[in-house]
Every structure is written in structure tokens, then in C-alpha cells.
Amino acid sequence: MSRQYVTTAIDYPNAPKPHMGQILEKVLADVVARWFRLRGDEVRFQIGSDEHGVKIQRTAEKEGISPKEMVDRNVPNFADLYRRVNISYDEPDGFIRTTDQKRHWPTVIELWKKLAQAGTLEKRTYTGLYCQGCERFLTKRDIVDGKCPIHNSVPEKISEENWFFLLGKESKWLKELLTKKKNGYRIVPDSRANETLSLIEQGLEDVSFSRPKTSLGWGIPVPDDPDQVMYVWCDALTNYISGLGFFTANERREFWDEAEVTHVIGKDIARFHALIWPAMLKHAGVRTPDRLLIHGFLTSDGQKMSKTIGNVVDPEEVLKRFTGNPDPLRFYLSHEIPVGNDGDFSWKRIEELYDSKLRNQLGNLLNRVLVLLKKESAFNVPDTQPDSERASEGWKKYSESMDSFELHLGISQAMELVETLNQGIDHIKPWTLKGVEKLEVLCRFAESLRHVALKMLPFVPSTAQDISRQLGVPYAEKMLDRDFVITPELREWGSQKAWKAVGEPKILFPPLEK
RNA sequence: CGCGGGGUGGAGCAGCCCGGUAGCUCGCCAGGCUCAUAACCUGGAGGUCGCAGGUUCAAAUCCUGUCCCCGCAACCA
């Protein structure tokens with residue numbers, strides 16, 4: 001058994017509630033965290049919010065409230081929606097806020113001091129071309145014909161004092177760290193690693209770590225330099241260790257030093273997590289993380305989600321469509337989008353998938369087995385060699401997929417089993433059989449469904465439990481407990497000797513209203 | 001020469017890393033079954049896997065070239 005620490009990116013609560021991309025990330029992380037728990041690991045799962053910065057400041061201004069008021073209003077909506085999507089982050093301390101002066105700030109300030117002591121911070125006068133519209137300095141690459149291509153305006157030349165983090169000299173060991181096979185910082189999936197490595201090849205630049213208070217007021221002050229405020233990197237990335245109380249009296253270092261650390265993030269911020277973050281940790285004397293799990297982006301009906309196009313999908317609406325049940329959405333995101341790939345969300349597709357896979361194939365299968373079985377007077381799963389071999393091979397394949405983060409293969413394997421079972425029923429025609437033969441056949445189907453439910457558990461937890469309840473398996477009530485483990489015994493064919501009867505069949509997934 | 005992703009039956013996607021029966025969902029046609037949520041099962045039509053070369057006994061998969069599409073990243077203008 002090992003210890004796991006799973007994190008997601010912390011959300012920017014500029015909007016009143018999470019968008020689909022953020023849901024995708026949380027679901028991915030949640031499936032991973034759940035799988036770790038189910039295989040017997042000790043897991044800490046942390047999410048949070050990144051609440052500083054000019055954009056927050058500005059949005060709040062527009063609304064005529066203080067930044068603090070705005071984030072205090074928005075952040076609970078994030079936590080609330082994630083709870084309703086069944087994201088199993090640790091309660092109560094698995095949600096870290098960067099405005100939390102008790103939990104977050106002390107670590108950040110201490111980390112800054114350590115970086116300063118290590119000589120990796122340097123104050124410079126930065127002169128650059130600043131675009132008022134973008135509210136940031138533009139790089140040579142951004143500028144087209146001397147103008148900001150987004151705002152079509154000529155940027156101003158502005159000089160300001162910035163603390164810089166000297167990332168430029170870290171290329172060599174970073175490359176080693178990211179490519180070595182053992183004890184490195186592994187990027188998953190592989191295809192996403194090349195992208196980052198090619199960034200190193202292009203040469204790393206030092207990064208701005210602070211802004212003058214006058215241009216960035218809403219943030220953590222730089223220690224011993226009251227005129228400067230920390231820019232996003234030192235503040236936001238640090239959440240991963242501030243949540244563990246690093247550099248304070250109540251450190252929980254065992255979840256870092258003696259754990260496997262997995263950061264789940266989107267491809268847009270891969271570079272910061274792959275480069276700046278490990279460099280910061282190195283100079284602060286903290287070991288580097290183990291894994292960076294990168295997901296792609298979501299389009300809507302094949303197009304970029306955009307307010308202008310009007311194709312933005314609100315996760316809330318998706319929940320509502322399925323009467324608050326998060327599982328169709330969780331299933332969609334896990335089944336349709338291989339980890340790391342970009343994916344598409346479409347209403348047509350999710351409804352299609354709901355009907356064909358969840359309702360017709362899975363729900364209907366459970367129903368037909370239970371209806372036949374409840375007419376029988378006994379229940380007993382026959383222990384046969386071929387069945388038990390099939391089961392153990394199936395579990396082996398499934399675990400391999402899950403352990404290597406090929407999650408869509410994991411859930412597909414469960415669904416393939418469902419398909420096989422539907423075929424089997426039609427082939428065997430249990431309703432034409434009698435006596436012991438009939439009973440045995442039906443019990444074998446029920447047992448197979450027990451395995452299906454276990455395999456679906458990381459993806460659609462409440463559905464998996466519901467199936468198990470209807471089947472009447474003895475452990476059904478415990479399945480959603482944090483310490484529930486899919487033990488070797490549970491994976492074994494016919495291991496549930498205490499299972500003596502099935503429950504009442506109920507409709508698992510009702511037809512959608514038009 | 002910025003970087004990355006992609007082009008697979010009518011639509012949407014998987015398979016490519018680690019070559020060897022081209023798979024899934026929807027749609028279409030025909031049949032079966034009647035345990036089940038008008039669900040389930042079987043068969044069929046439809047693909048020269050963008051194009052051109054190369055490697056190989058064998059290429060959707062590896063290599064080279066080439067054409068085309070889409071992003072540069074998240075609700076903010």
C-alpha cells in the first residue's frame with residue numbers, strides 16, 4: 001500500500017461558477033483519486049481556488065464590490081458544484097484558498113524567503129511593451145506589426161521594478177528530471193511531454209515573480225519589500241504544499257515526502273507546472289513531485305466554447321437535464337475523452353450515450369437479470385474454473401489500464417463486459433430453462449454484474465452502488481466509504497458467500513423527457 | 001522554417017507508442033427474440049484509414065515528403 005497525494009489546478013473564481021473545462025479536470029482527478037483509494041492506497045485529494053490578481057480586482061470593481069466580497073461570494077459555488085458532481089476531495093481541509101491568510105500565506109511567505117536565500121530571486125527593472133487591453137507585457141512573439149493583435153493597439157513602453165525568478169539556468173537538470181525513468185517528474189500522457197521538452201529546447205527565460213503594488217494590489221505582499229506584491233506563480237503553485245502546512249508548525253509532510261504526488265492540470269498551464277514549480281521546490285529544499293497528469297480542452301459541438309458564438313455549456317444545465325444525477329456527465333467525460341486528448345461536448349452525443357450505453361445496455365441488462373432472478377427461490381453463484389479465470393483476466397487488464405491512467409480503456413472494459421452479457425442472455429435464453437440450470441445461469445449473470453459495478457465505481461460511484469444494492473451484494477452500503485477497497489477477494493469470482501438473495505429491480509436510468 | 005493537435009465507412013470518435021483479422025455510438029436495410037426500460041440479439045449495405053513514396057513477408061500503425069483543417073487556451077476582450 002502506498003500513499004498518494006492528488007491535486008487539481010486551483011480555479012480562478014472570476015466567474016460565478018465553474019465551467020465545463022474545470023469540471024473535466026475535477027472529474028479526471030476524482031476518478032484517479034477514487035481508483036487509488038479503491039486499490040488500497042492512502043489518499044489525500046486537494047482542490048482549491050486562486051483568488052488574487054488583476055482580473056479579479058477588475059471584475060470586482062465593475063460589480064462595485066471589493067475583491068474579497070466577490071471571491072467570498074463565488075468560491076462557495078465552486079465547492080458546492082463539485083460536491084454535487086461527486087468530486088471526492090478531502091473535507092474539510094482539501095479545499096485551499098489563496099486568500100486564506102492562516103493556511104496559505106505563511107507557507108508562501110516562507111517559500112519566498114527560502115528562494116531569496118538561495119539566490120534565485122533578483123530584482124530588476126523590467127522595461128517592456130505593455131498592452132492596456134491585455135493588462136500585461138507583450139512578448140516579441142505577441143506583437144504583430146508593432147501592435148497587439150488582440151486589441152489592435154500600439155502597446156506602451158513601461159518600466160517597472162520586478163522580482164525575477166532565475167529559471168533560465170535550470171534547463172539542464174529540468175530536462176533530466178522530466179526524462180529520467182526513475183524518480184523523475186513524469187508527464188502523462190507521453191504525447192504531452194514532448195511539447196514541454198521542446199519548450200526547454202527553445203531556452204527558458206527568467207520569470208517575473210512580483211509586481212509593484214501600484215499595478216497589482218490584490219495579492220500577497222513580498223516579504224521585506226512592501227512596495228511589491230507577488231505575481232501568480234509563487235502564490236498559486238504553492239497551494240500544493242501550503243495545504244499541507246509546509247514550513248509551519250502543523251506540517252503534514254508525510255503526504256509529500258512519503259507519497260506519490262500527482263498534479264492534474266490542463267495543457268495550458270503544463271509549462272508552469274513542469275518547469276517553474278519543480279525549480280521552485282528544488283531551491284526551497286523540497287523534493288519534486290512525481291507525476292503531471294495533463295488533460296486537453298473541451299469544445300462545444302466541435303467549436304471553441306465562446307460567449308460570442310453562444311455555445312458555452314453550463315455544467316449546471318447538464319446536471320439538471322439528468323435530474324441532478326452527475327453520473328451521465330461523469331460517464332461522458334470519462335468514456336468519450338481519452339486522457340490528454342481534447343474532447344468535444346455535445347448535447348446530442350451525451351443524450352445518445354445516455355440512451356444507448358447507460359439506459360439500454362446497462363440499465364436494461366440489470367433489469368432483465370433481476371426480474372428473472374427474483375422469481376427464483378434460491379441464490380447461489382456456482383464456482384466454475386472458466387468463470388473465475390475470465391474474471392481474473394478481466395481484472396488484470398482493467399487494473400493495468402487504470403494504473404497507467406488510460407482511464408477510458410478502464411471504463412470501456414466494464415462496458416464491453418455489459419455487451420457480452422447482453423449477448424450471452426440472448427444466446428442462453430434463461431427464460432426457457434428450468435430448475436437448477438436456470439438458477440445457476442442467472443446467478444452467473446448477477447455475479448458478472450457485481451464485477452461490472454465494481455469496475456464502474458471510480459467513474460460513476462452512485463450508479464455503481466445502486467447496481468450493487470439492487471443486486472443485493474452484502475457490501476453495497478459500504479461502497480462509497482473512503483476506506484472501501486476492492487480487495488483481491490472482491491475481485492474473485494463467487495467470493496461473496498454471504499450473498500443470499502437479490503433485491504428489488506428498479507429503473508436505473510429513466511428515459512429522458514423530450 | 002514559432003509550437004502543438006488532427007485528417008479512419010453518412011455524422012462523431014477509438015485504434016497508432018509496442019506493425020499482422022478496421023472497432024464503437026448514432027443513422028440506414030433485413031431478420032430474430034419476447035426475460036427486459038418500444039429495450040436486447042443476429043446479419044447486411046457503406047472505408048483504397050488525406051495524398052505520394054520508402055522500410056517490411058506484412059503498414060491505419062514505423063520512416064520521408066506533401067496537401068488540408070484546427071488551436072495557442074477558457075468566459076475574458
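Each chain gets a letter, A, B and so on, in the order its sequence line appears, and its residues count up from 1. What you are looking at is a predicted structure, and each value in this text was computed from that prediction instead of being measured.
Note: A/Trp395 and A/Tyr398 have perpendicular aromatic rings, judged against thresholds of 30 and 60 degrees for the angle between ring planes. Note: A/Phe322 and A/Tyr354 have tilted aromatic rings, judged against thresholds of 30 and 60 degrees for the angle between ring planes.
The distance from the OG1 atom of A/Thr7 to the NE2 atom of A/His263 is 5.0 Å, given to the nearest 0.5 Å.
Going from atom CZ of A/Phe272 over to atom P of B/A73 covers 11 Å, rounded to whole Å. What separates NZ of A/Lys506 from P of B/A36 is a distance of 19 Å, to the nearest Å. Protein atom NZ of A/Lys267 is 12 Å distant from nucleotide atom C1' of B/C3, rounded to whole Å. As rounded to whole Å, 14 Å separates atom C1' of B/A73 from atom CD1 of A/Ile294. Distance CD (A/Glu351) to P (B/C26): 14 Å, rounded to an integer number of Å. When the P atom of B/C35 is taken as reference, atom CZ of A/Phe445 falls 15 Å away, rounded to whole Å. Atom CG of A/Leu373 is separated from atom P of B/A36 by 14 Å (rounded to the nearest Å). As rounded to whole Å, 9 Å separates atom P of B/C24 from atom NZ of A/Lys357.
Taking atom C1' in both B/G9 and B/C29, the straight-line distance is 15 Å, to the nearest Å. Rounded to a whole angstrom, the distance from the C1' atom of B/C16 to that of B/G20 is 14 Å. Rounded to whole Å, the C1' atom of B/C40 lies 37 Å from the corresponding atom of B/C17. Using P as the reference atom, B/A59 and B/C67 are 26 Å apart when rounded to the nearest Å. Rounded to a whole angstrom, the distance from the P atom of B/A73 to that of B/C49 is 36 Å. Annotation: B/U25 and B/U8 have their C1' atoms spaced 15 Å apart (nearest Å). Across the C1' atoms, B/C28 and B/C68 are found 30 Å apart, a figure rounded to whole Å. With both ends at atom P, the span from B/A58 to B/G2 equals 38 Å, rounded to whole Å.
Within a 6.0 Å radius of NZ in A/Lys438, more than 12 heavy atoms belonging to other residues, nucleotides or ligands are found.
Nucleic acid contact class of A/Ile507 (heavy atoms, under 4.0 Å, all strands): base. Nucleic acid contact for A/Leu508: base, since at least one base atom lies under 4.0 Å from a heavy atom of the residue.
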Test log, rule side-chain hydrogen bond (donor to acceptor under 3.5 Å, both in side chains), inputs A/Arg97 and A/Asn239:
CA-CA 8 Å; A/Arg97 300 181 55 176; A/Asn239 89 84; over 6 Å; no
Does A/His427 form a side-chain hydrogen bond (donor to acceptor under 3.5 Å, both in side chains) with A/Gln423? I'd like the steps, not just the answer.
CA-CA 6 Å; A/His427 185 69; A/Gln423 290 167 349; over 6 Å; no
May I have the step-by-step check of ring-ring contact (aromatic ring centres under 6.0 Å, His included) for A/Phe95 and A/Tyr82, ending in yes or no?
CA-CA 11 Å; A/Phe95 194 104; A/Tyr82 291 145; 7.5 Å; no
Give the intermediate values and the outcome of ring-ring contact (aromatic ring centres under 6.0 Å, His included) for residues A/Phe209 and A/Tyr231.
CA-CA 5 Å; A/Phe209 250 39; A/Tyr231 188 52; 8.6 Å; no
Using the side-chain hydrogen bond (donor to acceptor under 3.5 Å, both in side chains) rule, take A/Thr463 and A/Asp466 through it: C-alpha gap first, then chi angles, then the decisive distance, then the call.
CA-CA 5 Å; A/Thr463 298; A/Asp466 203 1; over 6 Å; no
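Using a 4.5 Å cut-off on side-chain heavy atoms (C-beta onward), A/Gln465 and A/Pro461 make no contact. Counting only heavy atoms from C-beta outward, the side chains of A/Val31 and A/Met402 approach each other to under 4.5 Å.
Of the candidates B/C76, B/G4, B/A73, B/C76 carries the atom nearest the A/Ala15 side chain, counting heavy atoms from C-beta on.
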What's touching nucleotides 39-46 of chain B from the protein side, N or O pairs under 3.5 Å?
| unit_1 | atom_1 | unit_2 | atom_2 | d |
| --- | --- | --- | --- | --- |
| B/A39 | O2' | A/Asn360 | O | 3.4 |
| B/A39 | O2' | A/Asn364 | ND2 | 2.8 |
| B/C40 | O2' | A/Arg368 | NH1 | 2.9 |
| B/C40 | O2' | A/Asp426 | OD1 | 2.8 |
| B/C40 | O2 | A/Asp426 | OD2 | 3.2 |
| B/C41 | O4' | A/Asp426 | OD2 | 3.2 |
| B/U42 | OP1 | A/Gln423 | NE2 | 3.2 |

Any protein N or O atoms within reach of nucleotides 11-21 of chain B? Criterion: under 3.5 Å, listing atom names and distances.
| unit_1 | atom_1 | unit_2 | atom_2 | d |
| --- | --- | --- | --- | --- |
| B/A14 | OP1 | A/Asn341 | ND2 | 3.2 |

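B/G43: Watson-Crick or G-U partner is B/C29, with both key distances under 3.5 Å. Using N1 to N3 plus N6-O4 or O6-N4 for Watson-Crick, or N1-O2 and O6-N3 for G-U wobble, each under 3.5 Å, B/G20 pairs with B/C57. The partner of B/A14 cannot be assigned: no Watson-Crick or G-U wobble pair with both contacts below 3.5 Å exists in any strand. Both distances falling under 3.5 Å, in either a Watson-Crick or a G-U wobble arrangement, place B/C72 opposite B/G2.
Across the interface with RNA chain B, nearest-nucleotide mapping of A/Tyr12 and A/Leu358 shows A/Leu358 to be the residue nearer the 5′ end.
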